[in-house]
Amino acid sequence: MSEPRNLFDLDGKTALITGGSRGLGLQIAQALGAYGARVLLSARKSDELQAAQQQLQAQGIEAHWIAADNAKTEQVEKLVDEAIEKLGHIDILVNNAGASWGAPAEDYPLDAWDKVFNLNVRGMFLLSQQVGRRSMIPRRYGRIINIASVAGLRGNPPGAMRTIAYNSSKGAVVNFTRALAGEWGQHNITVNALAPGFFPSRMSQGLIEKLGEATLIGSSPLQRLGDDEDLKGAALLFASAAGKHITGQILAVDGGLTAV
């Protein structure tokens, strides 16, 4: 029986984190690395990845990076090639890369819809498939953490967000998580999702400025936005032995927003 304090130990584990150069992805990388995982960050911009790597290394975390656009099939395949070359194998996959686009549903551009779905859903599927096929299934071990959103659990209040593609894509992430958990449990792979509420980020900055922080937290029981620490514990649970009997679950980290 493991000591409770050892259940979160990730020594010897490897983690690939997409969208890992900033925001929620970097926050998760910090948590996994602090508990011993070797982390590999992926995003589109090399300069941001280098800055994130330096930040992690300053905290004593072994960190690598690979620039890739997960909306493009050939880059996903290349990412997995290089990740396995650098890490040897992939124990933990965090599917965090995502995009949004705001427009009224009646005027929503089809190319914007495709852009959101290609990254948020298709890219997540391709990367999970490649990592599962080439590393997790053969080794009979894996932890997949998908970053969904409370936007995938509900609609938007009138006059607030006009993000029908984002909401729809994150709803797809929710059921993708359940479906993949059902298929890959036999391989000792858990698949879970985090559904963050409002966290200050580059993606949410415009909305926070438009609606105001007070409006966004007004219906939240904890009366606050998420911060730089609030995803760490939940991600660590899903990534570690502490969560070995949890799969197919969606955990909202939203200050209670979806509870009321």
* Salt-bridge criterion met for Arg224 and Asp254 (N-O under 4.0 Å) -> no
* Might you point out which heavy atoms bring Lys86 and Arg38 nearest each other, and give the distance in Å? => O-NH1, 4.1 Å
* To do: Write down the atom of Gln130, the atom of Val80, and the distance for their closest heavy-atom approach.
  => CB-CG2, 3.7 Å
* **Side-chain donor or acceptor of Thr163 paired with backbone N/O of Gly102 under 3.5 Å** => no
* With a 3.5 Å cut-off and no angle check, do the side chains of Arg44 and Ser21 form a donor-acceptor pair? -> no
* Where is the tightest heavy-atom contact between Ile145 and Ala235, given as atom of each residue plus distance? -> CD1-O, 3.5 Å
Can you give the donor-acceptor pairs under 3.5 Å from side chains of residues 111-118 to other protein atoms, not counting sequence neighbours?
residue	atom	partner	partner atom	Å
Asn118	ND2	Asp114	O	3.2

* **Within 6.0 Å of CG in Asn175, more than 12 heavy atoms from elsewhere** => yes
* Kindly say whether Ala97 contributes a backbone atom to a donor-acceptor pair with the side chain of Thr18 at under 3.5 angstrom? => yes
* To do: Supply the members, apart from Val174, of the Ile/Leu/Val/Met/Phe/Trp/Tyr cluster built from side-chain contacts under 4.5 Å; use none for a lone residue.
  => Leu153, Ile250
* Is it true that the NZ or CZ of Lys244 lies under 6.0 Å from the centre of Phe238's six-membered ring and within 45 degrees of the ring axis? -> no
* Structure fact -> Rounded to the nearest 0.5 angstrom, the CG-CE distance for Leu93 and Met136 is 5.5 Å
* To do: Mark yes or no for whether Ser128, through its side chain, and Phe125, through its backbone, hold a donor-acceptor pair below 3.5 Å.
  => no
* Give a yes or no on this: more than 12 heavy atoms of other residues, nucleotides or ligands lie within 6.0 Å of atom OH of Tyr35. => no
* Asked: Within the side chain of Ser168, is there an N or O that forms a donor-acceptor pair under 3.5 Å with the backbone of Ile164?
  -> yes
* Please test Leu180 against Ile144 for side-chain contact (heavy atoms from CB on, under 4.5 Å), starting from the C-alpha separation and ending with a verdict. => CA-CA 10 Å; Leu180 191 61; Ile144 296 177; 4.1 Å; yes
* **No-hydrogen, no-angle side-chain donor-acceptor test under 3.5 Å, Asn146 and Asn192** => no
* Structure fact -> Rounding to 0.5 Å, atoms CD (Gln75) and OG (Ser42) come to a distance of 9.0 Å
* Derivation and outcome, side-chain contact (heavy atoms from CB on, under 4.5 Å), residues Asn120 and Lys170 -> CA-CA 7 Å; Asn120 295 7; Lys170 292 302 184 178; 4.2 Å; yes
* Inter-residue atom distance Lys78.NZ - Asp69.CG, 0.5 Å rounding -> 12.5 Å
* To do: Identify the residue among Ile92, Val39, Leu127 that makes a side chain to side chain contact (heavy atoms under 4.5 Å, CB included) with Leu16.
  => Leu127
* To do: State, yes or no, whether a side-chain contact exists between Ser240 and Asp9 at a heavy-atom distance under 4.5 Å.
  => no
* **Close side-chain approach of Phe199 and Asp230, heavy atoms under 4.5 Å** => yes
* Asked: From Leu237 CG over to Leu194 CG, what is the distance, rounded to the nearest 0.5 angstrom?
  -> 9.0 Å
* Which distance, rounded to the nearest 0.5 Å, do you find between the CG of Leu236 and the CD of Gln30? -> 13.0 Å
* When rounded to the nearest 0.5 angstrom, what is the spacing between CD in Glu48 and CG in Leu26? -> 10.5 Å
* **Common cluster, Val173/Leu257, ILVMFWY with side-chain heavy-atom separation under 4.5 Å** => no
* Does anything in residues 88-98 pair up under salt bridge (Lys or Arg N to Asp or Glu O under 4.0 Å), and if so which pairs, sequence neighbours excluded? -> Asp91-Arg139
* Working for side-chain contact (heavy atoms from CB on, under 4.5 Å), residues Trp65 and Gln50 -> CA-CA 7 Å; Trp65 63 269; Gln50 289 175 331; 3.4 Å; yes
